[in-house]
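Notes for the one structure printed next.
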Amino acid sequence: MSGRAARSVRVALPGKDRSYPVRLGTGTLARAGDEIARTTKATRAVVVTVPPVARRYAPRLERSLREAGIRSHRIVVPDGDASKNLRQISKLYDALLELGADRTTAIIALGGGVVGDLAGFLAASYLRGVPFVQVPTTILAMVDSSVGGKVGVNVPQGKNLIGAFHQPRLVWVDLEVLASLPARQRAAGLVEAIKHGVILDRALFERFERDLERALALDPAVLVSLLTRAVALKAEVVGRDEREAGVRTLLNFGHTLGHAAEKLSGYGKLLHGEAVAAGMVHAARRSEALELAPGGTAERLQAVVERLGIEPELPPFPRRAYLSAIRVDKKRTESHIRFVVLRRIGAADTVPLTPSEVYPPRPGPSQRRQRRGSLRT
Ligand SMILES: NC(=O)c1ccc[n+]([C@@H]2O[C@H](COP(=O)([O-])OP(=O)(O)OC[C@H]3O[C@@H](n4cnc5c(N)ncnc54)[C@H](O)[C@@H]3O)[C@@H](O)[C@H]2O)c1
Ligand SMILES: [Zn+2]
């Protein structure tokens with residue numbers, strides 16, 4: 001299947017020309033140019049990337065742009081989440097102005113979620129918006145951050161607090177680039193794909209249960225099929241609720257505690273997907289304890305997380321540390337959090353809970369009693 005764009009998913013949005021395709025294939029990077037030219041009508045492009053990705057993949061993309069008649073420039077930013085900030089954005093504005101970039105210049109993010117969020121915010125704000133293309137190179141970016149138009153940067157007060165909605169014109173996914181992605185990053189990225197199954201599609205979750213090791217080993221047939229389904233679910237949610245007024249909230253499953261664990265551990269220790277995995281197991285246990293999900297739901301999820309080689313328990317910080325981290329998370333309304341719970345594998349819901357209900361005292365023992373069927377306290 002090398003060289004062919006095997007699958008395509010459409011993100012259907014209201015408004016003229018706002019819908020866009022996500023194209024997934026293996027070995028397709030070298031021919032992204034034609035589709036980029038067609039969807040952006042750009043004559044110039046700026047490729048924003050990071051060193052580990054630039055070295056391996058930028059030349060292939062740039063050759064393809066050239067063949068499609070697009071003049072391209074490369075901007076390499078330092079690797080890591082620390083680059084997702086306003087200082088970096090300011091430097092990027094300077095670079096674009098120096099190049100004389102205008103509204104016929106497309107900005108192309110070649111990299112993981114960091115590059116996508118940063119380059120996307122640049123594209124959203126430079127000249128009040130220029131065409132944007134995502135070429136995601138991590139699993140997390142392929143199934144999650146490149147689809148849906150959320151872009152932004154971190155500030156010292158918190159992560160992703162400054163941003164915009166700026167949808168790409170195209171998302172071009174070449175699964176072959178995952179061969180160089182470190183194994184730990186692969187596992188963490190799969191967490192978000194599994195999340196889409198857990199909250200929306202039992203059949204997808206069951207395919208992960210069956211084929212997890214083959215997915216981790218990047219078996220092309222398994223991977224293209226699992227990731228395409230995961231992307232289709234995200235696309236459908238975004239199409240129904242672009243601005244997160246309703247169903248898109250469900251995608252935050254596992255993130256209330258996940259964000260708290262990431263923050264308490266010090267950003268960079270736990271990968272985002274690792275923190276979310278433990279957050280999902282916690283949320284599934286809470287769903288059972290609140291008698292919203294049948295017994296055994298959390299155990300199934302935990303088993304998959306363990307097979308990914310990820311620790312399913314939240315790191316052991318004091319309860320009060322979790323509570324204060326939850327309280328400052330931006331996804332809350334007043335004293336209650338719209339906490340995402342499972343109804344069962346494949347169906348999720350939100351319930352208003354106080355931080356104390358989200359993270360009750362001594363969660364371990366009381367939940368074990370719950371599973372044996374004793375009364376709720
Ligand atoms: N916008 C959204 O909707 C959304 C959703 C989820 C996460 N995010 C954001 O995404 C970011 C995390 O993204 P990420 O997990 O992709 O991290 P990342 O972009 O930092 O990439 C992880 C690491 O892998 C390297 N890398 C990337 N592709 C590679 C490849 N093919 N081969 C070898 N190395 C490669 C990167 O250089 C980096 O060191 C966070 O900033 C998070 O806030 C955004
Ligand atoms: Zn996430």
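Note that the numbering runs from 1 along the sequence shown for the chain.
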Distance from Asp349 atom CG to Arg344 atom CZ, nearest 0.5 Å? 10.0 Å
Are Leu92 and Val151 connected in a single hydrophobic cluster, I mean Ile/Leu/Val/Met/Phe/Trp/Tyr linked by side-chain heavy atoms less than 4.5 Å apart? yes
Within the 4.5 Å heavy-atom criterion, are Leu13 and Tyr20 side-chain neighbours or not? yes
Looking only at heavy atoms, which two atoms of Gly246 and Arg338 are closest? And how far apart? O-NH2, 4.3 Å
Let's go through Leu227 and Leu175 carefully: what are the C-alpha distance in whole Å and the side-chain angles of both, what is the deciding distance for side chain to side chain contact (heavy atoms under 4.5 Å, CB included) to 0.1 Å, and is it a yes or a no? CA-CA 9 Å; Leu227 297 196; Leu175 297 170; 3.7 Å; yes
I want to check something: taking the side chain as every heavy atom from C-beta on, are Pro131 and Lys41 in contact at a cut-off of under 4.5 Å? no
Taking all atoms of both residues into account, what is the closest heavy-atom pair of Ala45 and Ile108, and its distance? CB-CD1, 3.8 Å
Taking NZ, NE, NH1 and NH2 as the nitrogens, is one of them in Lys269 or Glu274 under 4.0 Å from a carboxylate oxygen of the other? no
Does Arg300 use its side chain to pair, donor to acceptor, with the backbone of Gly296 at less than 3.5 Å? no
Measuring only between side-chain heavy atoms, which start at C-beta, is Phe132 closer than 4.5 Å to Arg169? no
Provide the closest heavy-atom pair for Ala235 versus Val11 in the form atom of the first, atom of the second, distance. CB-CG2, 3.8 Å
In terms of the angle between their ring planes, are His282 and Tyr359 parallel, tilted or perpendicular, with boundaries placed at 30° and 60°? parallel
CG/Leu110 to CD1/Ile75 distance, rounded to the nearest 0.5 angstrom? 13.0 Å
CD of Glu357 to NE2 of His336: how many Å apart, nearest 0.5 Å? 6.0 Å
Short question: side chain of Arg229, backbone of Leu204 - any donor-acceptor pair under 3.5 Å? no
Look only at the side chain of Asn85 and the backbone of Ala82, and say whether a donor-acceptor pair between them is shorter than 3.5 Å. yes
Report whether Val135 and Val76 are members of the same hydrophobic cluster (ILVMFWY, side-chain heavy atoms less than 4.5 Å apart, transitive linking). no
Looking at Glu192 and Asp144, would you say the former's side chain and the latter's main chain have a donor-acceptor pair under 3.5 Å? no
Taking Thr297 for its side chain and Ala293 for its backbone only, find out whether a donor-acceptor pair lies under 3.5 Å. no
Go through the steps to decide whether Ser225 and Arg207 satisfy the test side chain to side chain donor-acceptor pair (under 3.5 Å), and finish with yes or no. CA-CA 10 Å; Ser225 142; Arg207 282 160 66 195; 2.4 Å; yes
Using the rule side-chain hydrogen bond (donor to acceptor under 3.5 Å, both in side chains), only one of Arg44, Glu98, Glu62 pairs with His73; which is it? Arg44
Within the 4.5 Å heavy-atom criterion, are Leu61 and Val47 side-chain neighbours or not? yes
If you compare all heavy atoms of Pro136 against all heavy atoms of Trp172, which two are closest, and at what distance to 0.1 Å? CD-O, 3.4 Å
Do Arg240 and Glu236 meet the salt-bridge criterion of a basic N to acidic O distance under 4.0 Å? yes
I'd like to know if the side chain of Asp174 and the backbone of Leu29 have a donor-acceptor N/O pair within less than 3.5 Å. yes
Which atom names give the shortest non-hydrogen contact between Arg319 and Pro360, and what distance separates them? NE-C, 3.3 Å
Less than 4.5 Å apart, side chain to side chain, heavy atoms only: is that true for Val53 and Val115? no
Between Tyr126 and Thr105, is any side-chain donor less than 3.5 angstrom from a side-chain acceptor? no
Atom CD of Glu306 and atom CG of Leu308: how far apart are they, to the nearest 0.5 Å? 10.0 Å
Heavy atoms from other residues, nucleotides or ligands near CZ of Arg202 exceed 12 (cutoff 6.0 Å): no
Quiz question: by atom type and distance under 3.5 Å, do the side chains of Asn160 and Lys150 form a donor-acceptor pair? no
Has the side chain of Thr40 got a donor or acceptor atom that lies under 3.5 Å from a matching backbone atom of Ile36? yes
Below 4.0 angstrom, N of the basic side chain to O of the carboxylate: do Glu242 and Arg18 qualify? yes
Decide yes or no on salt bridge (Lys or Arg N to Asp or Glu O under 4.0 Å) for Glu35 and Arg38, but give the supporting numbers first. CA-CA 5 Å; Glu35 188 81 351; Arg38 201 177 62 73; 3.1 Å; yes
Ser146 side chain to Ala141 main-chain N or O, any donor-acceptor pair under 3.5 Å? yes
Once rounded to the nearest 0.5 Å, what's the spacing between atom NE2 of His166 and atom CG of Asp117? 13.0 Å
Arg343 side chain to Ser287 side chain, donor-acceptor N/O pair below 3.5 angstrom: no
About how many Å separate CD of Glu244 and CZ of Phe165, when rounded to the nearest 0.5 Å? 6.5 Å
Could you state whether Val143 and Val224 fall into the same hydrophobic cluster, counting links through intermediate Ile, Leu, Val, Met, Phe, Trp or Tyr residues with side-chain heavy atoms under 4.5 angstrom apart? yes
Walk me through it: do Val153 and Gln88 pass the test side chain to side chain contact (heavy atoms under 4.5 Å, CB included)? CA-CA 9 Å; Val153 296; Gln88 193 57 249; over 6 Å; no
Hey, is the main chain of Ala32 close enough, under 3.5 Å, to the side chain of Ser64 for a donor-acceptor pair? yes
Cluster link Leu140 to Leu178, ILVMFWY, side chain under 4.5 Å: no
Please walk me through it: do Glu313 and Val281 pass side chain to side chain contact (heavy atoms under 4.5 Å, CB included)? CA-CA 8 Å; Glu313 302 302 330; Val281 171; 5.5 Å; no
With the side chain counted from C-beta on, respond yes when Thr43 and Arg71 share a heavy-atom pair under 4.5 Å apart, and no when they do not. no
Tell me whether Val341 shares a hydrophobic cluster with Val358, the cluster being built from Ile, Leu, Val, Met, Phe, Trp, Tyr side chains joined at under 4.5 Å. yes
Quick check against the 3.5 Å criterion: does Arg103 have a side-chain atom that pairs as donor or acceptor with the backbone of Leu127? yes
I want to check something: taking the side chain as every heavy atom from C-beta on, are Val50 and Val114 in contact at a cut-off of under 4.5 Å? no
Would you say Met142 and Gln134 make side-chain contact, with heavy atoms under 4.5 Å? no
So that I can tick it off, tell me whether Arg214 and Asp211 are bridged by a salt bridge, with the cut-off set at under 4.0 angstrom between side-chain N and carboxylate O. yes
What's the shortest heavy-atom distance between Val340 and Asn252, and which atoms? CG2-C, 4.1 Å
Test side chain to side chain donor-acceptor pair (under 3.5 Å) on Ser180 and Tyr57; report intermediate values, then the result. CA-CA 10 Å; Ser180 56; Tyr57 305 113; 2.5 Å; yes
Donor on one side chain, acceptor on other, Arg23 and Ser8, under 3.5 Å: yes
Could you check Leu96 against Val46 for side chain to side chain contact (heavy atoms under 4.5 Å, CB included), going step by step and ending with a plain yes or no? CA-CA 8 Å; Leu96 292 185; Val46 173; 3.7 Å; yes
NZ/NE/NH1/NH2 to OD/OE distance under 4.0 Å, Asp241 and Arg248: no
